[in-house]
Amino acid sequence: MTASNKGETIRHEMIMASAGSGKTYQLTNRILKLLALGVEPERINALTFTKKAAGEFFDTVLAKLATASEESEHAAKLASELDLPGLGRDDFLVMLARLVGRLHLISFGTLDSFFHRIVRNFPFEFGLTGDFGILDEDGVNVERRRVLQEVFHGYPLKAEVYRRFFEAFKQATWGTEERSLVRLLNRFVDENHAIFLRAPEREKWGDPERIWPDGSPWLEAQSLPEAELDALARIAEEKPDLNDKQRGRWRAFIDGVRQWQPGAPFPGDVKYFLEKCLREWEPIGRRDAVLINERRREVLSPEQCKRLESIVKYLVGGSIGASLRVTRGIYDTLWQYDVTYSRLVRRQGRLTFQDVLLLLNGRFANDEDSSGLTLTQTDDPTRLAVHYRLDSQYDHWLLDEFQDTSFEQWRILQPLIDEVIQDPTGQRSFFYVGDVKQSIFGWRGGDPRLFRDVYSYYNQWDRDVIVERRMNESRRCGPAVIESVNTVFGNEGLFRELFPKETVDRWSAIWDVHGSSRSEEIGYAALYEVENEAERFASTVGLLEEIQPIEKGLSCAILVQRNEVGEQLAQYIREYSNIAVTSESDIRIGRDNPLSVALLSLLKVAAHPKDSFAWEHLRMTPFNECLRRMGFDKGRLIESVLTQIYREGFEATVAAWIDKLNEVIELDRFSQGRAKELITAAYFFDRLGKKTVAEFLDFIDRYRIRDVEATGQVQVMTVHKAKGLGFDVVLLPDLEGKRLAQRRSGLGVQETSEREIAWVLDLPPKEVREMDRMLHENELTSEAEACFERLCDLYVAMTRAKQALYLIAGRVGSSKSINYPKLLDRALASSEARTVGLGQQRINCYYEAGIPEWYQRLGGEPPREEAGREALAEEETALTESGRELKPGGQRLRRRTSSDASQSDVLGDRLFSLETRQAADYGTLVHWLFEQIEWLTDETEQALEASLQRSSAVSTDQKTAALNEVFGCLREPTVRATLQRPSSPVEVWREKRFEIVMDGEWISGVFDRVTLIQDGNGGYKEATILDFKTDRLSGETDVDRLRDLYSPQLRLYRQVLSRISGLSESRIRCRLLITQRRQLVDV
Amino acid sequence: MEPRIEILPWDRPLLEQAVEWLARDLPTGNLDLSRHLIVVPTREAGRRLRERLALFAAERQSGVVGPLVVTPEFLVTYPLNERAVADRLACLMAWTRVLQSMEIEDFRAVFPRDPVERDFHWALQTGQMLDRLKRSLAEGGLNISDVNRICGSSFEEVDRWEALGRLEEAYRAVLTEEGLEDPSEARNSVSQAPSLPEEVEQVTFLGVPDPIPPAVAAAEKIAESIPIRVVVLGPRGGEALFDEWGRPIKEVWQERPIPYPELEKRVHLVDKPLQQARKTERLVDEYSEPECRVAIGLLDREVRPFLGETLSSAPVFDPEGESCERHELFALLEILKRLLRGRDYAVCGELIRHPSYFRFLRETLPAFSLERLLWEWDDFRERHLPATLDEASESHGAGAARYPTLNAVLRLIRTQLEPFQTEPFSKALSEWLRALFQQSRVNEMGEDGEPFLSAAYSLMAWLKSLGESSFLTEGEGGLEASDWLELLLSVFRDERIYSERPEGAIDLQGWLELLWEDAPHLILTGCHDGNLPESIVGDPFLPDGLRRTLGLKENAGRLARDTYLMEALIESRSGNGRIDWIVGRAANGGDPVRPSRLFFQCPRKELPRRARHLFQEVASTDSRVAWQPAFTLRPQNAGEVTRLTVTQFKDYLACPFRFYLKHLLRMEPVDPWKAEMDPLDFGGLCHEVLQKMGEDPGVSDTTDVRVIQDLLQDELNRCFRARFGNALSAPLLIQKEALRQRLLALGEQQASERAKGWVIEAVEWAFEKESLLFPAGLSVRGKIDRVDRNEQSGELRVLDYKTSEQGISPREAHCRKLTGQRAVDRPQCAYFQWADQSYRWIDLQLPLYVWVARETFGKDAWSGYFNLPKAKSATGVAIWESLSSELVDAALECAQGVGRAVCDGRFWPPVERVEYDDFESLFFNSVGSSVDGDYFEQAQR
Ligand code: SF4
């Protein structure tokens, strides 16, 4: 730390960083600057969204410090970047040392893990029970099934609750499949539970007062207007100028309306006039409407208008009414589900990250009392408690990808940040960075509006509390790519023409013209328009073959909107070219190859032999041969597999059967790889502590792996996955799809400005929505929102390209739908097309920037990967060479305990008997008493009694019994004789341990009692080994049985004693004292 | 007497030096160490020492007597049976009792929020946390109430600890009342007045860098009467680096550089635990006989499973043993617990699949077949969807013939559960287990006999403790058997099973054991910060800050200790040996991990290089392999076909190969998750009800809607009751309601059909025809749902009930007009010309019915569907008006074709794309490439 830096403060800062403009760079430099200013690393909290990014921050910071502390040149450069020119190598070294010395305290992690940490340390405050764990997606699925089962079966017990639930569910699933309810309910919960969690209050669901505070004219007419229908029917029949077809239309309409149940979709015959009426709604009101009926104009009479008006009101009103009811039904169903879920899962400490958030926000439907901890109203004590239990107090906050932060997340952070901002010393700071144009995680809660809101909030009283910086110079994309981006996204006029106003206003506020710092490579960007999907795929292959990116050492990605398209495209490329391609979508290892499926059939048969599908399938596979060789029929298979599963787990079972298969066929490399992955998956399953095959199959079915990250291959992936990455060449052949301003499907939700949900409604059909002002407004907002996000998607996709970008879209033609192809066509296309030849194909290119042959100037560098491989191989050999010289350490032995020698089989019956256990304890006690006796004297009995008194470990009954048994022995003359001190010099061992090696085995044991007669020269003359046996006996023969049982053990003792004492074995006497019989037996 | 500290120079491993050192004062010959008490850090270290002593003595043709080798724990627990110390079970029970009986309002500082349910489960879980807390504090010789005393009143959490202190008091009171003492407190008082076995004349602390403070306190007292020597592996003359108890001095060691040899070559960076294991394996593979040459240090238990039971060159041995939680006995009791709790039918299913249980069944029931039992269990479940054991046993007396084994087993299970309601828990459980294992000798349980025995012993020890203590049994009235079992399992779960070390094995050692390892080559896996040194950041009770204040083991102390240990490991291999450190970059779940701080214990100037090495990017060494199938399927020959049912034609026309799989191999999956009726059940139940309607003359002849509907409803209720009992689950109730709606709608239609003159002539009219039309030996079977005769016109019609969601038009369901150049991929006989148009048969059901009617009644009949779909408006009879005699003949021609093909065994080639593919899971890319077609065709000949 140089003196010049002391006392320098650091500003709060917001950075809006366009794609590729060096967001990570800014963030890591900020951390470095803090460190340079002397901030302790553990006082910095840098949070982002992915684990990977979090890991990279830290690595980058460290790498920068390492380089700067090694070379002055780098030090100077970094110093100037940090705007702390006084810093030199040594300063960076000090910083590095401080950083690595505190590794364990540094929390550069994900937001999720930060919140998780808080909850984990406050279990009682959050009313949680037991050990705390995060549920992953798979865990949620499993729990959901359990909860639903409970919901299903809990109900017959409580008729009233059940009735409500039943009604609710019926309403909520109006008009859907009745025969696979379980699946339906599962999906239903999956789709709507998140909304429920955000709006757990009943009154927010389907309450007309909330949706239409001023009332809705539609809701008045909800009953079938019989009279109007009759009247309308009469008019239609009597109207003179109608032909049969037209009259038929009216009849069908009237019948249709009669049949229609509110909530059901409108039948075609009803829709026919309904739509026309809605379009002519005003004239109908004026009673002078004209409709087209069967391609002919039909002038409606005023009475007809009036009747029709009532009927349409009924249709619309009935529809909305049904929606309201269904919404409440949905609520009730979700509520039931959530109550059960909370009890069985959440409050047992198994939480999803979403739950953690809500917990910290203090909102759970089923928590009647909301005392305890909520972080959103953090007062001082709570905040202190958080610091204290987390062992951390953060002075400096850095939030990355801020546009993806959700409102709930922010509500938790805000009090902590407030504190930072209000800190009077100026020694604390807040920094956030992101790009609103890359807000593509709205579907999981990301709230891009926060970006500006937070800024305005802190700056409302005092401008410049937070400094704003914008960065628009891309270090990733070349000039041609940037040009195309500017052309598409900077065309406000066009946007205004195509998109909702709100969308355009938002976009314009964040849009700045981009620049590129890669001026040395111009690169290329182009828009191709082709006829159909087949051509889009074909031209993709054509381009790849033309450019040959991998040969040239270029990274290349094909970005798609949906996983399925990615899969198809990858498949297509593999089929029609030799280009190495990997699809980044998740692989379901349990399903995608015959080996896995066969193995799962095997397990299925074992648990469910009735499954003839699995069994017959198994018999078609080489496993059949395994079974034949092993001589296994179905019965043997079942027993063997089930036994192995319970004894050794699924991992071992799966591995064992793959081994068996390997004896029958030779597995190719791919299948070997899958086999390993299956084994790994099974290991993870075993860790869940489950044993049922059905659960395992279910687990494997959902188990997915990501393809290994592949350099040296063309990568197909979704735009979402590509976020944060950059590639030399990017192809976008999957741009088709619905219009951009289309609301996301699902429940209609209206938010307040505080991001609270104001109301929820299961929306009525589109034609109805359009008739109602509130619903229509809601729709427009959702559309604008969706449209904005879709623009972000495209922005992210296009800005992944470093050098070249190929947009491959279908012909727009006369289509009115405003989708990506339309946007690109309008924004980029010139009227004249250039024809490009790709192999056989001729393609129309409507837009170009940069140099079409950009790739031809590049040489053929080998892909990096190979180099890495070689290095690895080298390292391996080096290791091998040095391995051999080591002398082995100490020898290891097989171990035996002396009692092993006399081990008999244990009968389960005895093993699990409480009496056996008691007898064992009793035996220990008797042993212990004997151990107390050195030599028998007159005081022995008294002493024993006294020492037994002190021991409180056993029951009094047992004590008395044991004492009596010992006393009984002591009064037996033969026994007395062995325990009395002999006249010759003697040594006695009691409970003496020994360790010895015999026949290469290490034997440990304990002598109960050994008397050794000394020979006066430090050696022994003879010895007696006495072993106490407390076995319970019946009948005379048992003594012989005992002797047989224990003689191996005593023979071993004799050998051991002989070795240790130097006495020959013949001078060692071995005796058993059978305490129950008070009998001494020689062995 | 002050303890005397002695340094063993660390240029050689501790173990061999320790043995030499112990033997040095002894006369040759016998190693009589029986007056020695040797304190070593861990159980395994003691084992290693005794083994080595035995070897040492063997070289002198002798053995070793004594010594008493103990862990520091011993000094504060000896002599055990002089105090009535509560065992873990008693402690938990005491906590549980306190937590259940407390007035939660009085403890708001601890429990600001009410738990979901203050039931036994909650109390036990919470009790476990408090028990752990108490034990953590006890490591420093503290009680909960000491915390506030030490921290003073300005302490942030003073109220909370005050409340915790009161809980502790209540807990202590419960124990005292039972004449028991808390184990940690007992240890504390022992440490004030320790005693040793009388023969001990010499105490030696041998290589114990980190004894627990109470043990040190005890040792200080002991040192007043018995000489204590402290032996430390360390640098020559380095006495000043350690305190008098051989603990590395924190201030000295936490800054001390560690001299890693060849760090860049020996520290290996890999990706995840799996890769760590692979790397380890490669390193071990350098040796043909790795035993005694290599040992593996497991610093991160996540790596353990990937190492498996054997590496390619040697088995591995984990002295940590295996947790009882993974033992089959635990699994068995876990099942029992859930069975006691909910008596679920599904849990019964788990029980009968447990090897111990099915073995027992085989020994108990005459002619028992597990396969049969499992078959019945699934079959019963699929038909009756029982929720509980009791539902299953009650409702199906009539199924006795179909489910003989199942019924016997369910009865047995129920009987076996009864004592849990009437007897004391420990007795009930012991009896239950005895019955199960009555016949088995443990050695017959295969090679697992050993672990099984030790698991069983520790289980029974706990069970006995549970049964004996008056304190525990007293409250029995309040607890359910499943609660007792939960309590029992909570202690059983933590027991460990140790197995014998296999010959030639490589040891997997924990960090603290490594000092005692003398294999020259150490491979340390999982060298991550957090494991090495272990660090605690954040805790609900004892965060690091508080630990520091309380003088408990804290991060800085661990750093010092581990620095010492690491240096000792390195130095003791400087002459002969080598260490490889394996560092992963991410945990299994993908969370990034960082290299151990210990790697940065170096002179400053070396830092940058180290940092760059340790934080370098890790290249993935896995490479991608192109997709390839492991094998193709070879379906076996299923034998001759002698009869076809009318509905099977449809399947053949859709795809001959799938027809083969479905009807000849009869492949049919079992859905283990079935919780509601599937479409087949749904239709079946419907048919059952409608059959009743058809058979009831009073109904089939009436035009009164109410009469018909009443009957339908009654029948529906009866069928449901017969099949599913009285307590219907929610999905069944909903399905029943749906069915009811449909039947009501059908009732209306039935009345109006009757009014039109249609009288039901027959229902479920079965036929089997051997006809000249078909190849010899092949018959066609079927069952017509319903035959109607019109009482006015005398016309006949044959009807099939359809319960699909939408109403179906018979014509569309049977044949399809071909347009454009659709692929001609079906069997040839499916195609036909009609009025200059090409058509394809999809189904032949109705034409065949017409044909059967023609054969039987001598005239053609109308035919069609009686639809009962979801929408009321689509309910009713749909007649195939245009089904003429000629068209029936065309259909017959097609049927003949199918018949011939089936008899000739023509099931190949398959149709690649079908509408609903039940066999999808078997095919990849295409059916043709997934099945060995040549083999299959051969097999058919
Ligand atoms: S109730 Fe009916 S279906 Fe169930 S077992 Fe008895 S006879 Fe079979």
Side-chain angles (χ1 to χ4, degrees), chain A residues 51 55 59 62 66 69-70 100 103-104 121 124 127 129-130 152-153 155-156 178 181-182 347 372 390-391 594-595 608-613 616 620 635 643 646 668-671 683 694 708 868 883 886-889 905-906 908-909 911-912 914 917 950-953 995-997 1002 1059-1060, chain B residues 50 54 58 63-64 81 84 111-113 116 122 125 286 292-293 328 355 371 375 378 387 430 433-434 437-438 440-443 460 464 518-520 529 535 537-538 540 543-544 590 592 597 600 608 611-612 615 619 622 625 628-630 633 635 665 667 669-670 672 675 727 729-731 738:
Chain A
K51 296 168 177 173
D59 293 1
L62 216 99
S69 51
E70 249 177 344
V100 293
L103 279 182
H104 61 299
N121 287 319
F124 297 159
T129 302
F152 288 158
H153 282 295
Y155 285 101
E178 291 161 347
L181 293 163
V182 178
R347 299 282 294 262
L390 261 52
D391 274 323
L595 172 65
H608 302 276
K610 180 168 187 269
D611 195 314
S612 53
F613 189 103
E616 289 300 335
M620 293 176 206
T643 305
Y646 277 92
D668 57 282
R669 272 186 65 208
F670 170 82
S671 304
Y683 151 70
V708 295
L886 302 176
K887 294 197 306 289
D905 291 353
V906 185
D909 184 35
L911 186 58
F912 291 106
L914 283 172
R917 286 303 314 169
R950 283 202 306 275
S951 152
S952 48
E995 312 285 344
I996 196 164
V997 178
W1002 162 32
R1059 276 278 283 284
I1060 291 177
Chain B
R50 289 186 291 118
V64 189
N81 56 356
F111 304 102
R113 186 178 297 199
V116 211
W122 169 80
Q125 299 268 321
E286 291 176 20
C292 300
R293 288 189 169 81
E328 59 174 303
E371 181 182 345
W375 188 94
D378 266 327
S430 150
L433 287 167
R434 279 178 75 182
F437 293 96
Q438 185 104 48
S440 17
R441 286 175 177 278
V442 169
N443 281 358
M460 289 311 291
K464 178 175 154 288
D518 65 345
D529 195 54
S535 48
V537 180
D544 196 55
R597 265 181 293 156
F600 302 104
R612 274 195 295 105
F615 283 91
D622 300 339
V625 186
Q628 208 180 327
L633 299 175
L665 293 182
M667 290 174 73
V670 163
S729 67

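A, B, ... follow the sequence lines: proteins, then strands. Residue 1 opens every chain. For clarity, every value in this text was computed on a predicted model and none was experimentally measured.
The structure places CZ of Phe615(B) at 4.5 Å from CG of Leu62(A), a figure rounded to the nearest 0.5 Å. In this structure, CD on Glu70(A) lies 4.0 Å from CZ on Arg612(B), to the nearest 0.5 angstrom. For the atom pair Met460(B) CE and Leu914(A) CG, the distance stands at 4.5 Å (nearest 0.5 Å).
With no hydrogens or angles considered, a side-chain donor-acceptor pair links Asp378(B) and His608(A) at under 3.5 Å.
For Tyr683(A), the part lying under 4.5 angstrom from a heavy atom of chain B is the side chain only. Heavy atoms of Leu103(A) lying under 4.5 Å from chain B belong to its backbone as well as its side chain. Contacts between Asp544(B) and chain A at a heavy-atom distance below 4.5 Å involve backbone atoms as well as side-chain atoms.
Across Val64(B) and Ile1060(A), no two heavy atoms sit closer than the pair O-CD1, 4.1 Å. When all heavy atoms are compared, the tightest approach of Pro629(B) to Pro594(A) is CB-CG, 3.6 Å. Closest of all the heavy-atom pairs between Pro112(B) and Phe124(A) is CD-O, 3.9 Å. Heavy-atom minimum distance, Met667(B) versus Phe613(A): CE-O, 3.3 Å. Contact between Ser430(B) and Phe912(A) at its shortest, heavy atoms only, is OG-O, 2.9 Å. Closest of all the heavy-atom pairs between Ala630(B) and Asp668(A) is CA-OD1, 3.5 Å.
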